[in-house]
Amino acid sequence: MQKIFNLTFLLLPFIVLSQQILPEAERARVVDEILEERFTDLLPKLMDDTGIDMWVLISREYNEDPVLKTMLPATWLNARRRTILLFYRDQENNTMDKLAVARYNVGKSIISAWDKDKEPNQWKRLIQLISERDPNTIGLNFSKDHNIADGLDKTDFDEFMANLPKKYHSRVKSAEQLAVRWIETRTAREMTIFNQLVDITHDIIAEAFSEKVITPGVTTTTEVEWWMRQKVTDLGLETWFHPTVDVQRTSEELVSHLYSFSGRPDDEIILQGDLLHCDFGISYLGLNTDCQELAYVLKPKETEAPTFLVNALYDGNRVQDYLTQNMVAGRVGNDILAKALQDAKNAGLRPAIYTHPLGSYGHSAGTTIGMWDAQGGVMKDDGENYPLNPNTVYAIELNTTVNIPEWNRDIRIMLEEAGFFGENGFRYVNGRQTELMLIPRVKDHLGN
């Protein structure tokens, strides 16, 4: 009995974590339910707001438009042959046509509108559907400013325009605003799920940055990275990028920001007194997370992190506050960036901000607030003029450089947490790190 109890105790963190994660069939049900809600409740409003009454998306198998990819039902892992979706919004009569110029229905809402026996030519059938509805605008997914809204390939664009009657050519326009709004906007149900998804992410990081995974003097940063990757696989989840773990310590000089992503030494042994940093995210139920958190490896007789590191983390939290206080609806990313950086500098901090949209993709579409190598603002083709909209999610990603006299060097406090901007302002999706994780966790009953 004692052995069973011990085994259960050891497995408890895994059991608790895995109980939150649905089996594949249940995931498919939830994904499809959310998709139907988005088509029914969200898409008509977005089409009205962006002034597009017909939206045509065209993709071929294994070369999917990234927007169309988010519209496929859970059992469709790719488009089939050439898949054409047509959405027509009649605002006056409050109707919405959701049609597939394909041999099959696409999920429950998008109904097949092509009988190949009656009309063998797929393009001709598409033109028939357009002519019957006579739209004022025809939105296509091409864009210079937003990569995710630029999913229509040249071959399909040329074929479409060659078949489209001349009288409609002047009605064709970029659907970039509609495409970005579709990608960036989250429903209430999605936000409930997002909270759980970020919670799972936090739990995996907390386990990785603990004595269950790390033995100082033995474990390497690379081993922790692969442990995180394996944990995701064991839980039946996916990650959209390979995790990274890096170290700052007394004997090292501050290196460039790029060090965290490229050029780090492999298999660096984690030592007592190290400040650890990770970058980690997962994918689940059509959403993605992106988190960076910190841990301190205790030295003998230490029961808490040094005050200078605690204060450094606090400075990082202050930069977060200056950023999120400046997130105002309608304000464009470059303006948010400039004001937040200036506020932080006025407070004596040395900040860098590179916050990006988060949701259907890890580096998603929407308002970009700086890039790590563009602290003066991003260029137009990176979404310079795109305003902050409500019901959107961001990876609040940034750092502050802090001088540590005790180490005779500067360190960089790098943080990243999911944040939601809604009708009532900003909130973190599942909290944020305000205390350093400790390795090993302090055992109060032993006094260490």
Side-chain angles (χ1 to χ4, degrees), residues 46 49-50 66 142-150 174-186 256-258 260-261 288 290 292 315-401 412-429 432:
L46 297 181
D49 289 348
T50 54
F142 57 86
S143 172
K144 289 179 62 178
D145 297 342
H146 301 275
N147 59 312
I148 289 176
D150 193 37
S174 168
E176 62 181 1
Q177 295 295 314
L178 176 56
V180 172
R181 292 290 301 277
W182 169 264
I183 290 293
E184 75 171 352
T185 307
R186 303 273 70 82
S256 75
H257 179 91
L258 189 61
S260 297
F261 308 100
N288 297 270
D290 199 356
Q292 295 180 46
D315 285 345
N317 290 150
R318 290 168 66 199
V319 177
Q320 289 175 325
D321 292 340
Y322 287 121
L323 168 58
T324 58
Q325 290 164 8
N326 280 290
M327 294 177 72
V328 177
R331 186 176 287 179
V332 299
N334 280 355
D335 291 347
I336 297 170
L337 173 70
K339 184 66 166 59
L341 286 175
Q342 192 58 56
D343 288 350
K345 290 174 182 177
N346 290 343
L349 300 169
R350 291 188 282 168
I353 295 171
Y354 32 95
T355 285
H356 59 85
L358 184 67
S360 301
Y361 292 94
H363 292 153
S364 201
T367 306
T368 298
I369 307 173
M371 294 183 177
W372 68 268
D373 56 353
Q375 289 298 285
V378 299
M379 303 299 289
K380 189 175 188 301
D381 59 0
D382 293 315
E384 171 189 8
N385 297 313
Y386 193 79
L388 186 68
N389 289 312
N391 301 317
T392 51
V393 177
Y394 301 86
I396 304 300
E397 185 177 9
L398 46 77
N399 74 64
T400 189
T401 300
R412 186 174 288 119
I413 297 296
M414 294 182 284
L415 298 171
E416 187 171 17
E417 295 286 0
F420 173 71
F421 184 78
E423 301 290 349
N424 298 317
F426 177 86
R427 67 173 173 83
Y428 286 98
V429 173
R432 63 170 171 168

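- Using a 4.0 Å cut-off between charged nitrogen and carboxylate oxygen, Asp335 and Lys339 do not count as a salt-bridge pair.
- For the pair Arg432 (side chain) and Asn317 (backbone), a donor-acceptor distance under 3.5 Å is present.
- Thr355 contributes atom OG1, which lies 5.5 Å from atom CD1 of Ile369 (distance to the nearest 0.5 angstrom).
- The distance from the OG1 atom of Thr324 to the CZ atom of Arg427 is 13.5 Å, given to the nearest 0.5 Å.
- Judged by distance alone, with hydrogens and angles left aside, the side-chain atoms of Thr392 form no donor-acceptor pair with the main-chain N or O of Thr185 at under 3.5 Å.
- More than 12 heavy atoms of other residues, nucleotides or ligands sit less than 6.0 Å from atom CG of Asn346.
- Taking the side chain as every heavy atom from C-beta outward, Ser360 and Arg186 approach each other to under 4.5 Å.
- Here the CD-CD distance, from Glu417 to Gln292, works out to 9.5 Å after rounding to the nearest 0.5 Å.
- Note that the OG1 atom of Thr400 and the CE atom of Met414 stand 12.0 Å from one another [nearest 0.5 Å].
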Please test Asp49 against Gln177 for side-chain contact (heavy atoms from CB on, under 4.5 Å), starting from the C-alpha separation and ending with a verdict. CA-CA 9 Å; Asp49 289 348; Gln177 295 295 314; over 6 Å; no

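- Using modelled atom types, no side-chain atom of Tyr361 and backbone atom of Ile148 make a donor-acceptor pair closer than 3.5 Å.
- Side-chain contact, Asn399 with Tyr354: a donor N or O sits under 3.5 Å from an acceptor N or O.
- A donor-acceptor pair under 3.5 Å is formed between the side chain of Gln375 and the backbone N or O of Ile353.
- The CZ atom of Phe426 sits 7.5 Å away from atom CG of Leu323, with the distance rounded to the nearest 0.5 Å.
- For Asp321 and Arg318, the salt-bridge test fails: no basic side-chain N is under 4.0 Å from an acidic carboxylate O.
- Contact between Pro351 and Lys345 at its shortest, heavy atoms only, is CD-CG, 3.7 Å.
- His356 places a side-chain N or O within donor-acceptor distance of the main-chain N or O of Gly362, the cut-off being under 3.5 Å.
- When atom types are taken as modelled, the side chain of Thr401 and the backbone of Arg412 share no donor-acceptor pair closer than 3.5 angstrom.
- A distance-only check finds a donor-acceptor pair linking the side chain of Asn326 to the backbone of Tyr322 [under 3.5 Å].
- Counting only distance, with no hydrogens or angles, the side chain of Ser174 and the backbone of Phe142 share a donor-acceptor pair below 3.5 Å.
- The two residues Pro357 and Thr368 have their closest heavy-atom pair at CD-OG1, 4.2 Å.
- For the atom pair CD1 of Ile413 and CG of Leu349, the computed distance is 11.5 Å after rounding to the nearest 0.5 Å.
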Mind running side-chain contact (heavy atoms from CB on, under 4.5 Å) on Phe420 and Val393 for me, showing each step along the way? CA-CA 4 Å; Phe420 173 71; Val393 177; 4.0 Å; yes

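- A donor-acceptor contact shorter than 3.5 Å links the side chain of Thr367 to the backbone of Pro387.
- Tyr386 has its side chain within reach of Val180: a pair of non-hydrogen atoms, C-beta onward, lies under 4.5 Å apart.
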